[in-house]
Engineer: 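Please see the structure below; I have some questions.
One-based numbering along the sequence shown. Note that the coordinates shown come from a computational prediction; the quantities given were computed from them, not determined experimentally.
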Amino acid sequence: MAKIQAIRGMNDILPEQTPVWQYVEGAARRILGSYGYQEIRMPVVEQTDLFKRSIGEVTDIVEKEMYTFEDRNGDSLTLRPEGTAGCVRAAEEHGLLFNQTRRLWYSGPMFRHERPQKGRYRQFHQIGVECFGMAGPDIDAELLMLTARLWKELGLEGHTRLELNSIGTSTARKQYRDALVSYLSGYRDQLDKDSLRRLETNPLRILDSKAESTRKVLEGAPSLADYLDEESIQHFTQLRSLLDAAGIDYTVNPRLVRGLDYYGKTVFEWVTDSLGAQGTVCAGGRYDGLVEQLGGKPTFAVGFAMGLERLILLLETLDLVPESVNGNAHIYVAAMGEGTAASAFRLAEMLREALPGRVVITHCGGGSFKSQMKKADRSGAEYALILGENEVASGTVSLKPLRSGEDQQEVAWRELPALLRSRFGNE
């Protein structure tokens with residue numbers, strides 16, 4: 001019988017890989033918590049209309065990439081392709097936005113039926129941040145500052161750069177859209193296939209085209225900046241002033257637009273040159289009209305999402321994962337002889353109590369001394385603790401260093417925690 005394998009583009013994250021995930025997630029959790037952001041957890045399945053109404057029916061995501069199905073009741077459901085719409089739905093449904101501001105974050109899997117490639121998968125993971133009820137550019141600036149702090153914590157400072165733009169209000173974008181379509185219609189024979197399709201559905205996305213022929217045509221295209229309303233101009237100017245004061249470097253990219261219909265005013269991307277074509281590691285912007293669009297009251301909102309697969313790939317590519325992030329044990333407890341197993345468990349529990357944060361593995365499954373030492377070595381532990389019948393009788397244990405040239409020694413149980421704390425450098 002043929003073995004069942006994982007679905008293409010939906011990958012297992014193996015035990016050897018999870019420590020770096022925990023490292024990145026832990027750093028993000030700490031930084032978001034230090035800024036007062038609260039975690040929210042939403043379902044991975046939502047009503048299909050939620051995404052059609054928020055993302056836009058003529059976007060690539062809704063037209064080609066969503067995993068949509070009918071359940072047994074005949075309802076159309078979709079695996080979430082992004083997190084913002086679900087967060088807005090949850091916050092509105094549970095009354096979190098009524099006359100109050102909110103700073104929320106979430107993490108988890110998203111799903112899009114795309115062509116799998118390195119750093120881009122059909123099931124991928126994001127950390128998303130959403131802020132509600134704040135109109136000014138100060139909250140936009142805070143999001144960019146906390147992201148810059150995360151890059152610093154992960155060692156990515158200098159390996160990412162911030163690109164900014166303002167795409168104005170929906171009225172300004174409509175006027176610009178008409179001008180852009182009028183201009184591009186005169187160059188249909190030079191546009192790539194995707195841009196020709198977008199010309200009829202979502203022309204602003206053409207600005208982000210990677211096709212060389214289309215990019216040459218865009219060199220003479222009208223500029224979105226010339227169509228911005230005064231409110232958006234002031235908002236963007238103030239945002240830039242706040243970033244300048246905070247020492248956050250950025251580049252204004254007039255071609256930067258986001259692929260989702262709900263964005264307006266500020267849009268941004270953190271990009272890197274170290275991952276080839278998959279250079280965006282974090283992106284977002286303002287979406288002041290989305291809550292109302294989904295049935296709520298008008299609510300100011302801004303947020304971003306960062307792809308964890310791509311962020312981890314960047315850390316590994318740049319060799320920035322600390323050596324301590326390896327998932328190895330610190331101590332391996334082995335027992336040999338009659339009646340030693342119970343003592344080994346007691347010793348291990350004592351050490352877990354005395355050395356919080358250290359990984360203590362107790363050998364299970366029997367085996368010879370040689371086989372136990374092989375498993376101790378494979379665990380990555382720095383020390384093996386060996387209990388035999390003589391050690392149990394005398395209240396001692398053999399401390400065997402596995403990663404250094406230190407000598408093996410006999411240690412009394414009562415002295416062991418202090419000795420290990422000093423060896424681990426946290427006395």
Engineer: Without hydrogens or angle criteria, can the side chains of S241 and D244 be said to hold a donor-acceptor pair below 3.5 Å?
Structural biologist: no
Engineer: For S166 and S232, run side chain to side chain donor-acceptor pair (under 3.5 Å): C-alpha distance rounded to whole Å, both residues' side-chain angles, the deciding distance at 0.1 Å, then the answer.
Structural biologist: CA-CA 7 Å; S166 176; S232 297; 4.6 Å; no
Engineer: Verify whether one side chain among Y383 and H330 offers a donor that lies under 3.5 Å from an acceptor in the other.
Structural biologist: no
Engineer: Run L420 and L399 through side-chain contact (heavy atoms from CB on, under 4.5 Å) and show every step you take.
Structural biologist: CA-CA 10 Å; L420 287 171; L399 176 66; 4.0 Å; yes
Engineer: Looking at R161 and E163, does any basic side-chain N land under 4.0 Å from a carboxylate oxygen?
Structural biologist: yes
Engineer: Could you verify whether a donor N or O on one side chain and an acceptor N or O on the other, from D273 and H159, lie under 3.5 Å apart?
Structural biologist: no
Engineer: Using the salt bridge (Lys or Arg N to Asp or Glu O under 4.0 Å) criterion, which residues pair with K297? Sequence neighbours excluded.
Structural biologist: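 Salt bridge (Lys or Arg N to Asp or Glu O under 4.0 Å) list for K297, sorted by chain: empty.
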Engineer: Taking atom types as modelled, find out whether T317 and S274 have a side-chain donor-acceptor pair closer than 3.5 angstrom.
Structural biologist: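 No.
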Engineer: Regarding D377 and R403, does a basic nitrogen lie under 4.0 Å from an acidic carboxylate oxygen?
Structural biologist: yes
Engineer: So, are R423 and E382 salt-bridged, with charged N and O less than 4.0 Å apart?
Structural biologist: no
Engineer: Is any side-chain N of the basic residue among R197 and D194 closer than 4.0 Å to the acidic one's carboxylate O?
Structural biologist: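 A salt bridge is present here (some side-chain N lies under 4.0 Å from a carboxylate O).
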Engineer: Tell me yes or no: between the side chains of E70 and S76, is some donor less than 3.5 Å from an acceptor?
Structural biologist: no
Engineer: Can R352 and E349 be counted as an ion pair, charged N to O under 4.0 angstrom?
Structural biologist: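 So R352 pairs with E349 through a salt bridge.
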Engineer: May I ask you to check whether R112 and Y121 show a side-chain donor-acceptor distance below 3.5 Å?
Structural biologist: no
Engineer: If you define the side chain from C-beta out and look only at heavy atoms, does anything of Q123 sit under 4.5 Å from V44?
Structural biologist: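 They are not in contact (no side-chain heavy atoms under 4.5 Å apart), so the answer is no.
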Engineer: With W413, which residues qualify under ring-ring contact (aromatic ring centres under 6.0 Å, His included), at least two apart?
Structural biologist: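 Listed in chain order: nothing, the list is empty.
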Engineer: Please assess Y35 against R149 for the test side chain to side chain donor-acceptor pair (under 3.5 Å), listing each intermediate value before the final yes or no.
Structural biologist: CA-CA 11 Å; Y35 281 77; R149 184 169 294 277; 3.2 Å; yes
Engineer: Any chance you could lay out the side chain to side chain donor-acceptor pair (under 3.5 Å) test for Y287 and E130, step after step, and finish with the verdict?
Structural biologist: CA-CA 10 Å; Y287 50 95; E130 318 290 354; 2.5 Å; yes
Engineer: Using 4.0 Å as the upper bound for N to carboxylate O, is an ion pair formed by E142 and R103?
Structural biologist: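 Salt bridge present between R103 and E142.
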Engineer: Go through it in stages, so that I can follow the logic: the residues are E391 and T396, the test is side chain to side chain donor-acceptor pair (under 3.5 Å), and I'd like the CA-CA distance, side-chain angles, deciding distance and then a yes or no.
Structural biologist: CA-CA 5 Å; E391 285 84 1; T396 62; 5.6 Å; no
Engineer: Please determine if E46 and R89 form a salt bridge, counting it only when a charged side-chain N lies under 4.0 Å from a carboxylate O.
Structural biologist: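 A salt bridge links E46 with R89.
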Engineer: Salt-bridged, E153 to R30, with N to O below 4.0 Å?
Structural biologist: yes
Engineer: Do side-chain atoms of Q17 reach the backbone of L14 as a donor and acceptor pair under 3.5 angstrom?
Structural biologist: yes
